[in-house]
Amino acid sequence: MDRIAIIGGAQLNGTIPVSGAKNSAIKLMAASLLTDEPLRLTNMPRLADTRFLGKLLMRLGVQVTESDGPDGQQTLLHAPEITSGFAPYDLVRQMRASFNVLGPLVARSGQAKVSLPGGCTIGARPVDLHLQAIEALGAKIDLHEGYVYAQAPRGLKGAEIRFPFVSVGATEHAMLAAVLADGVSVIHNAACEPELVDLQECLNAMGAKVEGAGTPTVTITGVPRLHGATHAVIPDRIEMGTYAVAAAMAGGEVRLSNARPGLIDALLDKLKEAGASVEETADGCIIRRNGQRLSAVDIETAPFPGFATDLQAQFMALMTTAKGESRIRETIFENRFMHAPELMRLGADISVSGGEARVRGVDQLEGAEVMATDLRASVSLVIAGLVARGETTVSRIYHLDRGFERLEEKLGACGAQVRRIKGDGEAEL
Ligand code: UD1
């Protein structure tokens with residue numbers, strides 16, 4: 001298995017182009033199941049997760065063609081007909097978001113058999129809200145032996161969907177299913193993340209009638225059919241935030257381009273509070289830190305526009321060398337501090353109790369062998385490695401490859417000493 005090796009100590013200087021958002025791309029890909037015409041997605045990231053989903057979609061009847069055109073990386077998805085409504089365990093377990101094919105399959109062909117999902121091991125992560133939404137839309141749901149059987153032979157019907165708490169995936173799933181339902185659906189207590197707005201824009205470009213994404217109430221007026229469209233995937237705010245933290249950690253000056261301002265304000269505010277300089281630009285931001293040590297600041301994760309849980313691990317890495325004690329509260333997922341013991345292997349001083357971690361900044365981290373435990377945790381170890389004395393090697397980086405496109409190349413272009421070591425032990429620069 002591949003590993004990443006980092007030699008700490010180099011400042012970062014240069015420009016990092018932000019890729020299209022993984023979390024948006026995989027839901028947009030699922031939207032291709034809703035029409036017999038081609039859906040062209042531009043600004044597509046090339047990641048293990050998009051490959052996994054492509055594989056699953058092909059099995060269901062979608063032709064998936066990747067190309068690199070003048071508009072950059074694109075994926076053409078075309079499902080002239082659904083050839084199978086069966087999403088097997090082997091393909092769904094690798095990525096939780098694969099479960100989101102259930103709604104579109106039932107919406108288009110009246111039935112589906114989809115495995116219960118896998119995904120990062122960051123807590124229990126049930127799918128009860130997803131099922132509640134699909135059931136509210138009139139599908140009959142049965143669970144047997146790890147599979148969800150959903151049936152709506154006469155099509156889905158518009159409904160009021162009230163989520164007891166905010167779920168990004170369930171809101172997206174409800175939108176994906178309701179666009180072809182007969183009548184009006186209203187989602188109450190919807191997630192407000194920017195990826196929901198992206199999904200609304202794509203669905204509307206395909207002929208759907210969705211309003212209100214980005215607010216707690218989303219209204220969907222069902223239409224009998226959708227058509228093809230071209231849609232550019234929104235920039236990845238988590239990737240942008242990750243490199244912003246990396247720049248603040250290593251010092252230097254990094255411009256993040258191809259992004260969108262306003263997507264990670266909660267993080268940028270915390271970086272400023274800690275003492276980094278942040279300049280917002282038309283297509284991203286510039287992060288600078290020259291010399292001075294950062295100060296500890298507290299964070300608490302929250303749904304958008306709050307501090308993203310997907311940036312918590314990276315921020316914890318940043319705080320390991322800040323001056324003072326930082327309190328980090330995780331409110332979205334239980335068990336999302338698995339990076340803490342790995343950061344401690346690098347010399348960090350962290351104690352975890354329930355949903356709160358206390359990080360007491362140390363003067364210097366020391367390189368060590370560490371192990372990635374989930375997608376965002378893995379990149380926090382790379383960030384810590386940027387300043388650790390000597391060499392840090394991160395194993396199990398298949399987690400990293402799920403969500404970060406060309407990470408070594410992007411950091412390397414700014415002066416970081418990062419290289420991938422192929423599974424056979426050969427270094428690849
Ligand atoms: C999405 C993101 C993930 C991010 C998370 C929160 C994708 C592919 N993943 O995950 O990167 O960390 O939003 O911003 O977009 N829950 C239930 N029942 C459900 C659904 C969720 O109890 O049916 C719980 C979860 O266990 C979790 C909380 O709700 O504690 C929020 O999860 P949710 O917003 O659904 O996250 P995901 O969509 O899985």
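Hydrogens, waters and symmetry mates are skipped; everything else that's a heavy atom, side chains included, is used. Please read these numbers as outputs of a predicted model, since none were measured by experiment. Both counts, for ligands and for their atoms, begin at 1 and track the order of listing.
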Residue pairs fulfilling ring-ring contact (aromatic ring centres under 6.0 Å, His included) with at least one residue in residues 92-112, sequence neighbours excluded: Phe99-His130, Phe99-His173
N or O contact, Glu172 vs ligand 1, cut-off under 3.5 Å: no
Close N or O approach (Leu129, ligand 1; < 3.5 Å): yes
Close side-chain approach of Val148 and Leu131, heavy atoms under 4.5 Å: yes
Numbered atoms of ligand 1 (with element) below 4.0 Å of Pro126, judged on heavy atoms: 17 (C), 18 (N), 19 (C), 20 (C), 21 (C), 22 (O), 23 (O), 26 (O)
Pair Arg225 + Glu37: basic N to acidic O under 4.0 Å: yes
Thr35 side chain to Ser32 backbone, donor-acceptor under 3.5 Å: no
Pair Tyr147 and Tyr89, ring centroids less than 6.0 Å apart: no
Numbered atoms and elements of ligand 1 in range of Asp310, under 4.0 angstrom, heavy atoms: 3 (C), 4 (C), 11 (O), 12 (O)
Phe165 to ligand 1, any heavy atom closer than 4.0 Å: yes
Contact check, Ala191 vs ligand 1, heavy-atom distance below 4.0 Å: no
Contact (N/O only, under 3.5 Å) between Arg376 and ligand 1: no
Any N or O of Lys22 closer than 3.5 Å to N or O of ligand 1: no
Distance filter under 4.0 Å to Asp128 heavy atoms, resulting ligand 1 atoms: 17 (C), 18 (N), 19 (C), 22 (O), 23 (O)
Non-neighbouring partners of Tyr149 that pass ring-ring contact (aromatic ring centres under 6.0 Å, His included), sequence neighbours left out: His144
Check: Ala170 N/O within less than 3.5 Å of ligand 1 N/O: no
Donor + acceptor pair across side chains of Ser24, Asp198 (<3.5 Å): yes
Pair Lys157, Ser185: side-chain N/O donor-acceptor within cut-off below 3.5 Å: no
Location of contacts on Arg96 toward ligand 1, heavy atoms closer than 4.0 Å: side chain
Lys27 to ligand 1, any heavy atom closer than 4.0 Å: yes
Flag for Thr242-Gln314: side-chain donor and acceptor within less than 3.5 Å: yes
From the candidates Thr309, Leu311, Val168, the one that places a heavy atom nearest atom 1 (C) of ligand 1: Val168
Element-labelled atoms of ligand 1 that are located less than 4.0 Å from some non-hydrogen atom of Val127: 19 (C), 23 (O)
Side-chain donor-acceptor contact under 3.5 Å, Gln200 with Glu211: no
N or O contact, Ile332 vs ligand 1, cut-off under 3.5 Å: yes
Modelled atom types, side-chain donor and acceptor of Glu330 and Thr309, under 3.5 Å: yes
Contacting atoms of ligand 1, where contact means under 4.0 angstrom from a heavy atom of Gly169: 35 (O), 38 (O)
Subset of ligand 1 atoms that lie under 4.0 Å from at least one heavy atom of Arg336: 12 (O)
